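To start, the structure itself, in structure tokens.
Note that ligands are numbered from 1 as they come in the structure, with each ligand's atoms numbered from 1 the same way. This one's a predicted model, so the numbers in the text were calculated from it and none came from an experiment.
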Amino acid sequence: MPDSASVDTYAVKKEQWSSRFTFILAATGSAVGLGNIWKFPYITGENGGGAFVLIYLFCIAAIGIPIMMAEIMLGRRGGHDPVTTMKLLAKESGHSSSWGILGWLGVIAGFLILSYYSVIAGWALAYVPMMSLGNFSGLDAQEVNAVFGELVSNPITLMIWHSLFIIMTMFVVARGVRGGLEKAVTYLMPLLFMLLIILILYAIGTGAFQQGLSYLFNPDFSKITTEGVLSAMGHAFFTLSLGMGAIMVYGSYLPKKTSIAQASIAVAMMDTLVALLAGMVIFPIVFANGLEPGAGPGLIFKTLPLAFGNMSYGTLFGTLFFILLVFAAWTSSISLIEPAVTWSMKTFQLSRIKTSVILGLLVWLMGLMTVFSFNLASDFTISTSISTQYGEFVILKDATAFDFLDYLTSNIMLPLGGLMIAIYAGWLMKKEFSAEELKINPLWFSIWLFLVRYIAPLMVIIVFLNALGIVAFVRHIIN
Ligand code: PHE
């Protein structure tokens, strides 16, 4: 049986974060992104508010944090790309090397997510010049809507911004993760935070702040559907960058002495805070202007310009805000493709630069599906549902290519990856190995083990079965 040292003998000399603080910054950079500012408000709006937020928060605490600890731990112990890491770890604890599939799932999920992530980040890029030219000054809600509609209906414009964002991402990835962006996060994250606070002050002034808060924090469980529960859970994985090897790869650069538990909790807290702040900005603006909370993916692009267009120094703050949003998306996008990059470099023995160029081209191409799903191919949709005598279980309703990719990755692939991570770390990895990595006191270790062994896997499984109508079926049989 290989001992713990033998894993290290496989590990090549590799990059490491300069300190614990840089790891937390990089992991926060990965976690905080479009998921918090763009996606969280719009899926909250689509799922009726408070009850969705409560389920999401519960998922962060009970599934997200323990799985994040597990994923970082696996990454640090394995020390490679997700596929190799899982194979090595499985060998170390005497299990099948088929666990490499977990790494594969992640490499593919990250690739697919980046393909649409980059298109949305392209919207944010497009808004930077639009904001700075004062295009939104004094516009009303309808006019702002029209501006957004015009942007997404133009495939060429979207393609240009999407291309630019892919180039930005692959440029950083080609230089290695320590190539500068890590330092940028140090300044940009606090700045983003400050701008959100300024926006909250504006939101308070709209007169609908109370209404926005109660929408976010007053749970009305009659509004929640089985799909809502699935997307709350899926989003917990998405927003924390879990279940696809991103945090695993980042963990592989983590020095041995850093506390994984503290880092995970810090990252999860910052991530959640940014999402809630974004919600507290968006919904008061929605209600003050008679807008629709369920407006979909365009929500922040239709609400925030209204705020900026009507506040003093709005042009300045608005430009700054979209620049920061682009940076937040940028630090996430590099982590989305990092698993695929490290894996391809090793498998095809290519340089980092070549790998980045090839993968960049492939993701760009894949991204065209999302570009066209907002215009030329917007009528090309699919719907699937399972209808049983216990109810109708909608899997997808009029889903465009973008909706489909988002559903497949966030609601299926990431939770599935997370489930496998929890099972591996909780049940298959030798306890002495996980204890050695986590180095927390025995009580906390037992709590963690209980969460990754039972709570996280069971919750993921139940939510999956629920979405498929199987829970309703069983309940019917029992009654
Ligand atoms: N967490 C990022 C966000 O919220 C997205 C992401 C998902 C990044 C998965 C890496 C891995 O925007």
Exercise for review: Enumerate the atoms of ligand 1 whose separation from the nearest heavy atom of Ser30 is less than 4.0 angstrom.
Suggested key: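 Ligand 1 atoms under the 4.0 Å threshold to Ser30: 1 (N), 2 (C), 8 (C), 10 (C).
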Practice item. Mark up the atoms of ligand 1 that fall under 4.0 Å of a heavy atom belonging to Ser335, in ascending order. Key: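 Per the distance check, 8 (C), 10 (C).
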**Study point:** Trp364/Phe165 aromatic ring centres below 6.0 Å
**Key:**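 No, the ring centres sit 6.0 Å or more apart.
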Review point. Taking the six-membered ring for Trp, are the ring centroids of Phe308 and Phe136 within less than 6.0 Å of each other?
Key: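 Centroid separation for Phe308 and Phe136: 6.0 Å or greater.
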Review point. Do Glu92 and Arg77 sit within salt-bridge range, that is, some charged N less than 4.0 Å from a carboxylate O?
Key: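 A salt bridge is present here (some side-chain N lies under 4.0 Å from a carboxylate O).
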Exercise for review: Name the option, out of Gly35, Ser241, Pro339, that contains the heavy atom nearest to atom 8 (C) of ligand 1.
Suggested key: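 Result: the heavy atom closest to atom 8 (C) of ligand 1 is in Ser241.
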Review point. Where the closest heavy atom to atom 1 (N) of ligand 1 is concerned, which of Phe237, Phe238, Tyr117 has it?
Key: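 Minimum heavy-atom distance to atom 1 (N) of ligand 1 goes to Phe238.
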Check your understanding: Do any N/O atoms on Leu34 end up under 3.5 angstrom from N/O atoms on ligand 1?
Key ->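 In this structure, Leu34 places an N or O atom under 3.5 Å from an N or O of ligand 1.
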Review point. Any sub-3.5 Å donor-acceptor pair from Tyr117's side-chain atoms to Leu336's backbone N or O?
Key: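 It does not hold such a pair.
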Check your understanding: What protein heavy atom is closest to atom 4 (O) of ligand 1, reported as residue, atom name and distance in Å?
Key ->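 Heavy-atom neighbour on the protein nearest atom 4 (O) of ligand 1: Ala31 O, 2.9 Å.
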Check your understanding: For Asn154 and Asn375, what are the C-alpha separation, side-chain angles and deciding distance, and is it a side-chain hydrogen bond (donor to acceptor under 3.5 Å, both in side chains)?
Key -> CA-CA 7 Å; Asn154 189 331; Asn375 36 67; over 6 Å; no
Check your understanding: Do we see a donor-acceptor contact under 3.5 Å between the side chains of Ser30 and Ser241?
Key ->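 The answer is yes; a qualifying pair exists.
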Check your understanding: Does Trp38 have a non-hydrogen atom less than 4.0 Å from ligand 1?
Key ->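 Distance cut 4.0 Å: Trp38 fails for ligand 1.
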Review point. Is it the side chain, the backbone, both or neither of Met244 that has a heavy atom closer than 4.0 Å to ligand 1?
Key: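 Only the side chain of Met244 comes within reach of ligand 1.
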